[in-house]
Amino acid sequence: MTTRQKDTPVFSFDENTGIAQIETPAAFSYAETLLYLTRSPLECLHSVENGRIYKLLEAGKELLPVEISNPGPGRLHLRFMQGPPADPDAIREAAAYTAEWLDLARDMTPFYATAQSDPLLGPLASGYYGLRIIGVPHLFEALCWAIAGQQINLTFAYTLKRRLVENYGKKLVWEGRTYWLFPKPGDLADVTVEELRQLQFTGKKAEYILHVAGLMDSGALSKEALLASGSYEAAERTLLAIRGIGPWTAHYVLMRCLRNPAAFPIGDAGLHNALKQLLHRTQKPALEEIRQLFAPWRGWEAYAVFYLWRSLLPEGSPAIQTAGLPDART
DNA sequence: GACCAGGGTTAGA
DNA sequence: TCTAACCATGGT
């Protein structure tokens, strides 16, 4: 759990109710957060019921099932389902994890300023105002999710993740809900390629994931080291040197785990489909055109991508004015 | 049954 | 450095 000081949220803990209250920035939409979190019925690492998020956290050695809710503007409630942990550090860790997961510390003012006058990004930014990049704070989870999702549809990717979690992750049942924790690298120490193949991972993906698990279990790879490597470019180079991690995976992890706002998974199929749809094209835009489209958003590519992904959700996309956009090609 | 999916590696030019 | 073949499997 990241405990970097700059990510520590403003939060308070009420001894009487046992609830931690986390302040949220003005540009934060709980509704958009819920929409993203419920995009797949196959998701196994959290659930949403009646506008409340249920998730299993781990602080220290404690498993903490929590309920996140939005009792009103400007704040979230973090309720510890089994009662608050005795260790105040665990409460702080849980709050910090939640804040990082939901990207509460990011000042999005520059992004919205950039988007405001943009014919493509403007309508997305206003239509989905307050949407933040839902993260994958744990590096191993982020890498496994990215590798598993390479070149397959999202539905199957969720199925693969679920199998990984249900076979090797920790499980906790409380008040009728089943909570899962993503496995740690060490949990896969004795797992073989054949075993993962039986879960319908391809042989390559099985190798990649087990290799990454080994690297992380041995300490050769860690989120802390990547963040401390001096620059996102250095972190990217480290990731790219790992077998099975190409440009898309590296940038996906930079975007969702290391939280580089300029991460840019330009080869992403979902990004291509979103642009194709918003630009009313019959074909996906070429990479060079995507680069040109993104040029004005330099430094905020990750958020632009996330907002474009958002436009693919069934709730639809805001009307994009075609004026000022590149002409449709056939 | 073809084509696609939130790609990556490898061999060959 | 760039391109094409290949990987493998479920969804639609």
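Bear in mind that the values here come from a model prediction, so they are computed numbers and not experimental data. In what follows, chains carry the letters A, B, and so on, assigned in the order in which the sequence lines appear, proteins first and then strands, with residues in each chain numbered from 1.
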*Excluding sequence neighbours, so at least two apart, what forms side-chain hydrogen bond (donor to acceptor under 3.5 Å, both in side chains) with A/N260?*
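Testing A/N260 for side-chain hydrogen bond (donor to acceptor under 3.5 Å, both in side chains), a comparison that skips the adjacent residues, returns none.
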*asked:* Applying side-chain hydrogen bond (donor to acceptor under 3.5 Å, both in side chains), can you list everything that pairs with A/Y158, at least two apart in sequence or on another chain?
replied: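 By the side-chain hydrogen bond (donor to acceptor under 3.5 Å, both in side chains) rule, A/Y158 matches A/R39.
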Nearest whole angstrom, please: distance from the [atom2] of [N] to the [atom1] of [X].
| X | N | atom1 | atom2 | answer |
| --- | --- | --- | --- | --- |
| A/L196 | C/dA8 | CG | C1' | 15 Å |
| A/F201 | B/dG8 | CZ | P | 16 Å |
| A/L287 | C/dC2 | CG | P | 13 Å |
| A/W145 | B/dG7 | CH2 | P | 11 Å |
| A/I209 | C/dC7 | CD1 | P | 20 Å |
| A/I152 | B/dC4 | CD1 | C1' | 12 Å |
| A/H211 | B/dG8 | NE2 | P | 15 Å |
| A/W248 | B/dA5 | CH2 | C1' | 11 Å |

*asked:* Looking only at the side chains, is there a donor atom on one of A/Y303 and A/R132 sitting less than 3.5 Å from an acceptor on the other?
replied: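 Absent: no donor and acceptor within the cut-off.
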*asked:* Is a donor from one side chain sitting under 3.5 angstrom from an acceptor on the other, for A/E67 and A/Y54?
replied: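 Side chains of A/E67 and A/Y54: pair found under 3.5 Å.
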_Aromatic ring proximity A/H77/A/F11, centre distance under 6.0 Å_ =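 That pair fails the under 6.0 Å test.
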Touch class at under 4.0 angstrom, heavy-atom based, for [X] against every strand present:
| X | result |
| --- | --- |
| A/Y208 | sugar-phosphate |
| A/I245 | sugar-phosphate |
| A/Q150 | sugar-phosphate |

Of the options [options], whose atoms approach the side-chain atoms of [X] most closely?
| X | options | value |
| --- | --- | --- |
| A/T155 | B/dG7, C/dT12, B/dT9 | C/dT12 |
| A/R243 | B/dG8, B/dA5, B/dT9 | B/dT9 |
| A/P247 | B/dG8, C/dG11, B/dA5 | B/dG8 |

*Can you sort out which residues in residues 157-169 of chain A have a heavy atom within less than 4.0 Å of DNA chain B? Ascending by number, please.*
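Contacting residues: none.
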_Neighbours of DNA chain B within residues 266-273 of chain A, by heavy-atom distance under 4.0 Å_ =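 The answer is A/G267, A/D268, A/A269, A/G270, A/N273.
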*asked:* Measuring only the P atom in each nucleotide, how far is B/dG1 from C/dA8? A whole number of Å is fine.
replied: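 Going atom to atom, P in each nucleotide, I get 22 Å.
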*Mind checking whether A/F294 and A/F264 have parallel, tilted or perpendicular rings, split at 30° and 60°?*
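The rings of A/F294 and A/F264 lie parallel, inter-plane angle below 30°.
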Report all side-chain donor-acceptor pairs from residues 236-249 of chain A shorter than 3.5 Å, counting only partners two or more places apart or in another chain.
residue : atom : partner : partner atom : Å
A/E236  : OE2  : A/H251  : NE2          : 3.0
A/T238  : OG1  : A/A234  : O            : 3.1
A/W248  : NE1  : A/D268  : OD1          : 2.8
A/T249  : OG1  : A/Q150  : NE2          : 2.8

*How far apart are the C-alpha atoms of A/L37 and A/E43, what are their side-chain angles, what is the distance that settles it, and do they pass the side chain to side chain contact (heavy atoms under 4.5 Å, CB included) test?*
CA-CA 8 Å; A/L37 292 178; A/E43 174 62 61; over 6 Å; no
Does [N] have OP1 or OP2 under 4.0 Å away from a side-chain N or O of [X]?
| X | N | value |
| --- | --- | --- |
| A/R197 | C/dA8 | no |
| A/K276 | B/dC4 | no |
| A/T249 | B/dG8 | yes |

_Of A/I242 and A/M255, the one whose closest DNA chain B nucleotide lies more 5'_ =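 Looking at DNA chain B, the more 5' nearest nucleotide goes with A/M255.
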*asked:* Quick one, A/K61 with A/E93, criterion salt bridge (Lys or Arg N to Asp or Glu O under 4.0 Å). Give me CA distance, side-chain angles, the key distance, then yes/no.
replied: CA-CA 12 Å; A/K61 288 291 177 188; A/E93 266 190 73; over 6 Å; no
*Using the closest heavy atom to pick a nucleotide of DNA chain C for each, name whichever of A/N153 or A/K204 lands nearer the 5' end.*
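Upstream on the strand: A/K204.
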*Assess whether atom CZ of A/R177 is packed by more than 12 heavy atoms of other residues, nucleotides or ligands within 6.0 Å.*
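Enclosed: over 12 neighbouring heavy atoms sit under 6.0 Å from CZ of A/R177.
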*Are A/Y112 and A/M108 close enough, and set up right, to give a side chain to side chain contact (heavy atoms under 4.5 Å, CB included), and what steps lead you there?*
CA-CA 6 Å; A/Y112 287 124; A/M108 294 191 58; 3.8 Å; yes
_Residue of the set A/W309, A/W101, A/F306 for which ring pair (Phe, Tyr, Trp, His ring centres under 6.0 Å) holds with A/Y36_ =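 Going through A/W309, A/W101, A/F306 one by one, the ring pair (Phe, Tyr, Trp, His ring centres under 6.0 Å) with A/Y36 is satisfied by A/F306 alone.
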*Can you give the dot-bracket line for DNA chain C, where a pair is Watson-Crick or G-U wobble with both atom distances under 3.5 Å, crossing pairs use [ ], and | marks a partner on another strand?*
|||||||.||||
*Is A/K55 positioned over the aromatic face of A/W180, cation under 6.0 angstrom from the ring centre and no more than 45 degrees off axis?*
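No - A/K55 does not lie over the ring of A/W180 by the 6.0 Å and 45° rule.
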